[in-house]
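What follows is a set of notes on a single structure, which appears directly below.
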Amino acid sequence: MVTTALVAPAGRKATGPKGLPLIGSLLDAWADPLTLMTRSAREHGDVAKLRFAWLDYHLLNAPAAAHRVLVENAKAYHKSPNYQGLKIMLGQGLLTSEGDFWRKQRRLAQPAFHRDKIAGFVSTMAACTTDMLDRWDRERPATLDVHAEMMRLTFRIVGKTLLSADLEADAKQFGQALDVAIKWANQYVESIVRIPPSIPTPKNVRFRRAQRVIESVVMRVVEERRRSGKDEPDLLSMLMGATDEATGDGMSDKQLKDELLTLTLAGHETTANALSFTFYLLSRHPEVLRRLRVEARTVLAGRDPALEDLPRMPYTKAVIEEALRLYPPAWVFERIALEDDEVLGYTIPKGAIVAVSPWVMHRSPELWPNPEGFDPARFLEPDPNRHKLAYLPFGAGPRTCIGNVFALTEMQIILPIIVQRVALELVPGTEIALDPSITLRPKTGVPMTLRADVP
Ligand code: HEM
């Protein structure tokens, strides 16, 4: 039972699952971290303490606890060492850097995500979606993997909007390399003994090869821009033109590469996962799909949405928000305490790992009526009494997602275009297994049949 007291007594001791001698809950975490975290939250309350071998792990299950760590006392926490795999994969980019360096990079990238900029991306987002549907029309596949398709689509959109480059031809190779790299990064942080990537084990060799593919795509875009000498008003130009206030130096190629890799990955994988889960949910809830289609047809009558249409399509937004509630792509984020802290009366010692899991929070019966149900209407009239951090698909505080408006806009554009033009149905008998690795993804894709005769 979660018992969030308004004024919590100090010195509370967090409890958690006993686990096994020596390794604690490690086997459960490897087997099914979603269930382990959910059960720990339900049984041990606002702050549950898990043990993974020698590591103490505090799972914060109350919005007020998340607020303390992510917002109120954010300066006392850094990203946890579990981001190490991602750091090796992406280098020192916005997601993984800290302190003054992070602040400077965030300031540099921020203007590329200004609402006015995003407004300028809408027609590209729509055109890429239409291109994809035209290709489906030509190829008429009996079934398609909606997850692979959404990865390809959102990758192309990120390339066109942030880098002014059409990466359509690179999508397949980039996607395959990304799968290898993500799997490697996840296994790396889960390993009790972390073998450095420089040691040529078969896994490391595969990872290095994948990393070279990923990096070569990004650096080719940089070189092409340098050669053309063009000054596009995009993120790439902003980063390439940025100079250090003190020294006047530009970013090194390494820094540029790390930042671009981070933004390219963070900018498409999460959104693709969210869209895939949305189509999965819609196929399971025909009444929601019907209402979504009616809204799209009423407002758009077959044309593509423009930015001005979005406020007139509240149900579309609610469907996306509800899908992000049930299947948050960033299903857990973690910090390490830089100093002793107290969270709702629980002592968090310096060096402890704390985690906030949108998966757990979004499905808490204490915070949401009918928590497991897919009910977009709940977002049409949000409960004014619900804590702001009961819902945090994009995180909170200074490290909140820089691309949240980009992602929400993109999904609000893509969804109505697709549902107006085709009907996607889950291949009968398919169960969608979840892969909670760095992000929450469908383990073996989302196989769907495609019909052009939209009901
Ligand atoms: C549905 C889509 C998305 C979801 C669910 C999502 C979620 C998140 C979350 C939860 C964080 C914070 C993690 C933490 O506090 O540890 C984050 C950070 C970040 N996201 Fe997103 N994101 C999405 C889309 C995007 C897009 C479209 C971009 C860029 C185009 C992007 C770029 C980033 C970056 C660069 C960070 C690090 C920000 C910083 O620490 O300063 N994300 N995202």
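No experiment lies behind these values; they were computed from the predicted model shown. Read the numbers this way: they start at 1 and go in the same order the structure lists the ligands and their atoms.
Among protein heavy atoms, the minimum distance from atom 32 (C) of ligand 1 is reached at Ala266 CB, 3.6 Å. For atom 36 (C) of ligand 1, the nearest non-hydrogen atom of the protein is Leu95 CD2, 3.9 Å. Looking only at heavy atoms of the protein, atom 29 (C) of ligand 1 is closest to Gly267 CA, 3.5 Å. Atom 6 (C) of ligand 1 has as its closest protein heavy atom Phe394 CD2, 3.7 Å. Ranking the protein heavy atoms by distance from atom 39 (C) of ligand 1 puts Arg106 NH1, 3.2 Å first.
Between Arg135 and Glu149 there is a salt bridge, since at least one side-chain N of the basic residue sits less than 4.0 Å from a carboxylate O of the acidic one. A salt bridge between Asp32 and Arg39 is absent, with no side-chain N of the basic residue lying under 4.0 Å from a carboxylate O of the acidic one. Using a cut-off of 4.0 Å between Lys/Arg side-chain N and Asp/Glu carboxylate O, Asp253 and Arg226 are scored as salt-bridged. Taking a cutoff of 4.0 Å between a charged side-chain nitrogen and a carboxylate oxygen, Glu168 and Arg152 qualify as a salt bridge. A salt bridge between Glu259 and Lys254 is absent, with no side-chain N of the basic residue lying under 4.0 Å from a carboxylate O of the acidic one. A salt bridge does not link Arg335 with Asp341: none of the charged nitrogens is closer than 4.0 Å to a carboxylate oxygen. A salt bridge does not link Arg378 to Asp383: none of the charged nitrogens lies less than 4.0 Å from a carboxylate oxygen. Residues Arg225 and Asp231 are not paired through a salt bridge, judged by the lack of any N-O separation under 4.0 Å between the basic side chain and the carboxylate. Arg312 has no carboxylate O lying under 4.0 Å from a charged side-chain N of Glu295, or vice versa, which leaves the two without a salt bridge. Looking at Glu215 and Lys257, a side-chain N of the basic residue comes within less than 4.0 Å of a carboxylate O on the acidic one, giving a salt bridge. Contact check on Arg325 versus Glu322 returns a salt bridge, with a Lys/Arg side-chain nitrogen under 4.0 Å from an Asp/Glu carboxylate oxygen.
Between the choices His268, Lys79, Arg399, the shortest heavy-atom distance to atom 40 (O) of ligand 1 belongs to Arg399. The closest heavy-atom contact to atom 23 (C) of ligand 1, among the options Leu235, Thr270, Ile118, comes from Thr270. Taking each of Ile402, Leu324, Ile157 in turn, the one with a heavy atom nearest to atom 35 (C) of ligand 1 proves to be Ile402. Of the candidates Ala112, Ala407, Pro358, Cys401, it is Cys401 that places a heavy atom closest to atom 21 (Fe) of ligand 1.
Residue Trp102 has at least one heavy-atom neighbour below 4.0 Å for each of these atoms of ligand 1: 39 (C), 40 (O), 41 (O). Against a heavy-atom cut-off of under 4.0 Å, Leu94 is close to the following atoms of ligand 1: 35 (C), 39 (C), 40 (O), 41 (O). Listed by number with element, the atoms of ligand 1 under 4.0 angstrom from any heavy atom of Leu263 are 35 (C). For ligand 1 and Met411, the ligand atoms under 4.0 Å from any heavy atom of the residue are 1 (C). Atoms of ligand 1 lying under 4.0 Å from at least one heavy atom of Phe113, given by number and element, are 29 (C), 30 (C). Interface atoms of ligand 1 facing Arg335, defined by a heavy-atom separation under 4.0 Å, are 14 (C), 15 (O), 16 (O). Taking every heavy atom of Pro393 and a limit of under 4.0 angstrom, the matching atoms of ligand 1 come to 5 (C), 7 (C), 10 (C). Near Phe333, with a cut-off below 4.0 Å to any heavy atom, the atoms of ligand 1 are 10 (C), 14 (C), 16 (O).
In Tyr83, the part holding a heavy atom less than 4.0 Å from any atom of ligand 1 is the side chain. The proximity of Phe406 to ligand 1, defined as any non-hydrogen pair under 4.0 Å, is limited to the side chain. Contact annotation for Glu410 and ligand 1: no heavy atom of the residue comes within less than 4.0 Å of the ligand.
With no hydrogens or angles considered, a side-chain donor-acceptor pair links Asn82 and Glu334 at under 3.5 Å. Using modelled atom types, one finds a donor on one side chain and an acceptor on the other under 3.5 Å when comparing Arg208 with Gln211.
The shortest separation from a heavy atom of Glu334 to ligand 1 is not under 4.0 Å, leaving the residue out of contact.
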